[in-house]
Every structure is written in structure tokens, then in C-alpha cells.
Amino acid sequence: MATAKTSGSRIAGIASAVPENVQTREHLAAAFGEVEADKLVNAVGIRSRHVTEGRLCTSDLCYAAAERLIAALAWDRQSIDLLIFVTQTPDYLMPATSASLQSRLGLPKTCAALDINLGCSGFVYGLWSAAAMMTTGPFRRALLLVGDTITRIASPADRAVTPLFGDAGTATALERDDAAPPMTFELGTDGRGERELMVAAGGFRTPRGAETAVRSERESGNVRSDEDLFMNGAEIFNFTQREVRPLIQSMLTADVDHVVLHQANRFILQHLAKRLKVPDEKMVIALETYGNTSSASIPLALTTGISDSLRSGSRRLLLAGFGSGYSWAGVTLECGPLVMPDIVLVPESAAGAHLE
Amino acid sequence: MTDDELLRKLEEIFELDAGTLRGDTQLADIERWDSITVIEFLAMVSENFEDVEISPKQIPKCRTAGDLIGLVRTSVRS
């Protein structure tokens, strides 16, 4: 595993945005029946999820979060010189969505902008990228925009994914600060897992076609197409045991105030907490009303689960994301007090508002 | 952990009355045998057998509760 230490930058604030529209257990009952709906809700610990009705893009959510955060920090937009957008659900195959967001947010042309294509490990990878660039470059202020609209690629008739996923976009502000304590990252990859959590069609290996769009019955009676998200839950569970548990174990020290892992589902978080002996008061579980929001889940859990703690003082955090790739990343850092505006609810009508 | 103790663990996962699950019980006859309890089974094994890692590919080959126990016994990590 690669270990990387960064210094000279600090997190100034975090904001999150979700679609206004909410899906509940009733949607699952309509798709899978009453008994199955209760089983699914109890197993994953997710009662409701904010889900786009089909028009909002990740960029719309991240834009809303970034606008709220820039206002709360009272940052001069001209002072923002780095924008990193992390998602697996971009606006287009090309160009990079970060370019669109640079323009939409009114950031200067001197702003460096790039996309990173990572899922549930993406927030920590993005934080490492931003912090590392700020260590070496001339950057003063960075926006790390991270999110996904996985529900747009989840088949409603696939019980392995539909009960789990919600949509969210987040914005994290980083600022150059020579006195900031270092952040220590652990990063890893195992591409042998590429087929266990994937959308097979729509790229260049398997372009979209008439056949890839057809939904048919697959394993365990789940119905989906090759353009839909596939998740092999049992293989992913083994992956978390093999790679993620040792990762967290190696970074966990007694002085950590909050452990915030990718909010995959309640079952896996409770299992990891039990095996790693993380006490309940330190283990953040904040998915009951948002679901698994992919790359957004860690910053969303920070803003919804422990915002009072992070607003009020300096805290030592252990963050770890893990998922498609397989890809995983952990960080220990000290941050706070942070600027954390209340969560933004984004109406469907805000989709692509800059295009009109 | 004995085979009987493993059967009791499986009963908890499948929400069956204690003592009702037998080695020859067909998994297809267990109402709670589904993709959720497969993961609960993997978690139970991971908690109780540090040196065992079950390959999910082997699970569809199991027909009975006894087959699951056999899988635990033969899946010692190399």
C-alpha cells in the first residue's frame, strides 16, 4: 500500500447537496412486495433516500453545494485556483465536467481543473490529490467537488442496488496554510475486482447498442441491462474483509475522535466496527435517510452525522473509502472548526440551469 | 466450533427456531436463504474463523445446510 503524507493545506469547510425528491420503503414494496421490502430495509439500515427523478446530474448537485460553501466562507471566487471533480457519473463522455463547473461557478481562467473517475474511494483520493497539488504547486485555494447520481444507472428491479443507493453532491474547500497539521494517506488498488462492481456498457470496450439496453433476468431474479450498475455483494464483502479492515486497523489510533467510512450499508459498517473494536460513539453511521451515495458518502456523513462536533473545534478523523476498481484509500487528519452550511435540497428544475 | 454449533449460528441467520435446522435441510426450502443472508453467512464465518475465506463462487454449488458447513471446513486460506 502506498503511504503519502501531505502538509501545508487545511480543510476550511464542507457542504452537501441532495435532490429534493425522496424515495422510501413504499417504492421498494411496489417493486419487490411488502415482505421483501421490510427485509431489504432491515438488512441495509436505509429507510429513505434522496433520489433524482432523472434529470439532475452530479454536477448540478455539486454546483449547489459549492455555491452554498463559497457564500458561507465568503471566499472571493478569483482566489480559487484549483478545482477537482470526482465522479463516475459525469455530464458527458467529454469534455471533463470540471471545466463546465469552473465556468458555472464563475472561477477565473487561471483555475486548474480536472476530473477524477473513482467511486466510493473517490473522496479520499480527491483529498489526497488536492492536498498533494497544494503541497507542490502555487495553489492558494481549492474546491474538491465529489458526488454521484448512481440511481440513474441502477435498475429499479435489481434488489442488490436499488434499496441501497441515493444521490448526492458535495463541496470541500481547501486552503493553503503552512501551519496546518499533516494528513497521512494510505492508497491501494486491485484491478482484479473490476467486474464485481461495474457498468459494463457505455464506454469504448462495450459501446451502447440495441442489445446493451435490454433488461433481462440475471442472478437471484434481479433484472438489469449491461448499461445498469452491477454489484456482486458477496465479493464486495470479501474485498472489505481482505483489504479494508486491515487498512483501517493500520490507521486506527486511540486519539481518533471520529471514524467515518464510506457509508456502504449499515450491516457492513457495524461488522467493521465490531471486528475493529471501534466504539459506537466514534463510528459514524449516517445513511438511514440518505442511503449509499457512492463517492459523496464520506463528506455527506461529515456534514449530516457529526457537523456539530466539526463546527465547534479541532478533531482527529480517520476517513476511508472503498469500492469499484477495486480501489481503496484512507486518511488520518486533524481539522476544524469547519464551516459547514446546512444541507442543500436541490429541486429537479435546477438540472442544467446554466444551459438555458 | 462443532458442526452443531455452526448449525445453531445458521439458524440465527435464517431466523429459524433453535434445533430445527439439520445438515440435510435443503437451502431451497429455507425462506430466508437469499442474497442478504449469503452475506450474513460470510460475516459469521469471518467473525468466527480467522483463517477461512469463502469464495462466493462456491456458494451456488451448496444444496444443503451441511454443504455450507463443508464449505467452511474446506475454505482455509492458503
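Order of the sequence lines fixes the chain letters, A, B, ..., with proteins taken first and strands second; residue numbering starts at 1 for each chain.
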Subject >> Side chains of A/Ile236 and A/Met231 in contact at under 4.5 Å (non-hydrogen atoms) >> reply: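 Side-chain contact under 4.5 Å: yes.
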
Subject >> A/Phe165 and A/Arg152, any side-chain heavy atoms less than 4.5 Å apart >> reply: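 No; the side chains remain at least 4.5 Å from each other.
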
Part of [X] lying under 4.5 Å from any heavy atom of chain B:
X	answer
A/Leu40	both
A/Lys39	both
A/Gln241	side chain

Original post:
Within the distance-only criterion (no hydrogens, no angle test), does the side chain of A/Ser225 pair as donor or acceptor with the backbone N or O of A/Glu227 below 3.5 angstrom?
Top reply: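 Confirmed, A/Ser225 side chain pairs with A/Glu227 backbone.
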
Side chain, backbone, both or neither of [X] within contact of chain A (heavy atoms, under 4.5 Å):
X	answer
B/Ile54	backbone
B/Ile39	both
B/Glu50	side chain
B/Glu47	both

Original post:
Out of A/Glu235, A/Arg159, A/Lys274, which one racks up the most heavy-atom pairs below 4.5 Å with chain B?
Top reply: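 Ranked by heavy-atom pairs under 4.5 Å with chain B, first place is A/Glu235.
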
Original post:
Mind checking whether A/Phe123 and A/His262 have ring centres under 6.0 Å apart?
Top reply: no

Original post:
Could A/Arg224 and A/Asp158 be called an ion pair, given the rule that one side-chain N must be under 4.0 Å from one carboxylate O?
Top reply: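 Salt bridge present between A/Arg224 and A/Asp158.
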
Subject >> Rounded distance [0.5 Å steps], CG in A/Leu261 versus CD1 in A/Ile298 >> reply: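 Answer for the CG-CD1 pair, A/Leu261 versus A/Ile298, is 7.0 Å.
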
